[in-house]
J.: 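Mind having a look at this structure? Questions to follow.
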There are 2 protein chains.
Amino acid sequence: MDIRTTSTVFLVDDDEDLRNVVAFHLKNAGIHVQQYAAANEFLTGFEPDQPGCLLLDIYMSGMSGLELQKKLNQQHIQIPIIIMTSQGDVPTAVQAMKAGAIDYIEKPLDKDILLERVHECLILDSSHRDKTARLSRYSHCLSGLTRREYEVMELMVAGKMNKVIAAELKISQRTVEDHRASIMDKLKAKSIADVVRIYLLSQY
Amino acid sequence: MDIRTTSTVFLVDDDEDLRNVVAFHLKNAGIHVQQYAAANEFLTGFEPDQPGCLLLDIYMSGMSGLELQKKLNQQHIQIPIIIMTSQGDVPTAVQAMKAGAIDYIEKPLDKDILLERVHECLILDSSHRDKTARLSRYSHCLSGLTRREYEVMELMVAGKMNKVIAAELKISQRTVEDHRASIMDKLKAKSIADVVRIYLLSQY
DNA sequence: CCTCGCATCCGTATTATCCCGGATTTCACC
DNA sequence: GGTGAAATCCGGGATAATACGGATGCGAGG
């Protein structure tokens, strides 16, 4: 699957001319582009499930690029960000990088460098999404467990024997075995090893 | 344990006056300091097991701060780095941050900010060392296993039963049980769950 | 009101694992 | 050429886990 057909570059800049130039180049390279004239516009219109990356001007009227970055961080939206800037000053650049920006490039933008960096970001986002998708599949299974089953699983993962679990939860060993069976069933696990793996991976 | 007594700030700058001023402030705050006039001097004299952080001037005669950073990355030395600079230019700052610098501060240095950032870095290094120490304790145990035991462990962790493992390795089930026992012994694991956990954590 | 899912319990039978103690081959190191 | 560790094998008995089949109380929702 070509990453260009599944991903979108979100271009946020209040300079319409620059947006058009950048969008032109990206589209020429076969990359989908969505434009926003302001940070706010992006925040409300953006769909976090859409893979892609963010090309963000740092100096904008209204919300600045740094503020937008901060809001995205607060909402745990992990889209890769490339900051664009005209008037480069070091503290701002450092702040943006510390806030997790992948790159920080100065205008005037070099078309080839931009394309290269965008491509890197799209790949990064894609592999990041793969990882989180795997994790969320596990946690989805885990959330299908009842409270009791979850308790039993925690003790199982801690390596305790059924009889010990029974004693600790003050239920019969036979009941523990029942829970264990339905845990394995729901998690589609074929062994205790699988359960431990799923449990550990879901805890990052 | 006070982090200031166990950690050292490595101060690398070819400006002796600045070194003295910075070292004075750090020592006043109770922090150990080791000075180096050049990147090379640091590279040869530095002991990676010593906890601490690196205060690094970026423009130096001989090896530059960026080059030193690169060498440390190549050697997988993960000490936190604060870059200091007089003539700030954005691309260099961005490059340093992308290479993993924790911070990038411009001269003239503000004493209080410097102390705060240094403190953050020392804490970061300390917690990082804790994590890697835990990991290496596990992988140390793992490296104590014989080839055969390691093979058996991999199959155990994959959730296979002893009889299946025996069939796959073409050895008797009883032998698998022996190996299993010595694996548990060497890893100080009390259950299969423990083994899986150690195995997974050692694989990051 | 009745159903359905959850949590609880039970016996029995089979299978797997763990622990006891002992034994052989091979290979490397002294 | 002996010593020792690794890898292999064995039997038997205790303990634990799994599977089959069935049962009760309880609370939420149609």
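Protein chains get the first letters and strands the later ones, always in sequence-line order, with residue 1 at the start of each.
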J.: For Arg129(A), enumerate each residue passing the salt bridge (Lys or Arg N to Asp or Glu O under 4.0 Å) test, keeping only those at least two apart in sequence or located in another chain.
T.: Asp125(A)
J.: Nearest 0.5 Å, what's the CZ-CG distance between Phe42(A) and Leu11(A)?
T.: 10.5 Å
J.: For Arg134(A), what residues pass the side chain to side chain contact (heavy atoms under 4.5 Å, CB included) criterion, not counting sequence neighbours?
T.: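 Result, side chain to side chain contact (heavy atoms under 4.5 Å, CB included) vs Arg134(A): Asp130(A), Lys131(A), Arg137(A).
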J.: Looking only at side-chain N and O atoms, does Ser172(A) come under 4.0 Å of OP1 or OP2 in dT8(C)?
T.: no
J.: Verify the contact: side-chain N or O of His179(A) to OP1 or OP2 of dC6(C), cut-off strictly under 4.0 Å; return yes or no.
T.: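 Checking dC6(C) against His179(A), no side-chain N or O comes under 4.0 Å of OP1 or OP2.
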J.: Which heavy atom of Asp13(A) sits nearest a heavy atom of Lys107(A), and at what distance?
T.: OD2-NZ, 3.0 Å
J.: For the residue pair Phe46(A) and Phe10(A), categorise the inter-ring angle as parallel (less than 30°), tilted (30 to 60°) or perpendicular (more than 60°).
T.: perpendicular
J.: If each of Ala181(A) and Lys170(B) is mapped to the nucleotide of DNA chain D with the nearest heavy atom, which maps nearer the 5' terminus, i.e. the 5' end?
T.: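 Its nearest nucleotide lies further toward 5', so the answer is Lys170(B).
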J.: If you take all heavy atoms of Val22(A) and Leu109(A), which pair is closest and at what distance?
T.: CG2-CD1, 3.6 Å
J.: Which heavy atom of Ile3(B) sits nearest to which heavy atom of Ser126(B), and what is that distance?
T.: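 In this case the closest contact between Ile3(B) and Ser126(B) is CD1-CB, 3.7 Å.
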J.: Residues in side chain to side chain contact (heavy atoms under 4.5 Å, CB included) with Lys27(B), at least two apart?
T.: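 Per chain and number, Lys27(B) pairs via side chain to side chain contact (heavy atoms under 4.5 Å, CB included) with Val33(B).
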J.: Using 4.0 Å as the upper bound for N to carboxylate O, is an ion pair formed by Glu177(A) and Arg174(A)?
T.: yes
J.: Take atom CD1 of Ile165(B) and atom P of dT8(D), then tell me their distance rounded to the nearest Å.
T.: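 Atom CD1 in Ile165(B) sits about 13 Å away from atom P in dT8(D).
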J.: For residues Met97(A) and Val94(B), report the shortest heavy-atom separation together with the two atoms involved.
T.: CE-O, 4.0 Å
J.: Look at the rings of Tyr150(A) and Tyr199(A) and say which category their plane angle falls in: under 30° parallel, 30 to 60° tilted, over 60° perpendicular.
T.: tilted
J.: Examine dG5(C): is either OP1 or OP2 under 4.0 Å from a nitrogen or oxygen in the side chain of Thr146(A)? Give yes or no.
T.: no
J.: Under 4.0 Å from any atom of DNA chain C, heavy atoms only: list the residues of residues 152-159 of chain A that qualify, in numerical order.
T.: none
J.: Taking protein heavy atoms under 4.0 Å as touching, what does nucleotides 24-30 of chain C look like 5' to 3' if B marks base contact, S marks sugar-phosphate-only contact and - marks none?
T.: -------
J.: Generate the contact string for nucleotides 11-17 of chain D. Rules: B means base contact, S means sugar-phosphate contact only, - means no protein heavy atom under 4.0 Å.
T.: BB---SS
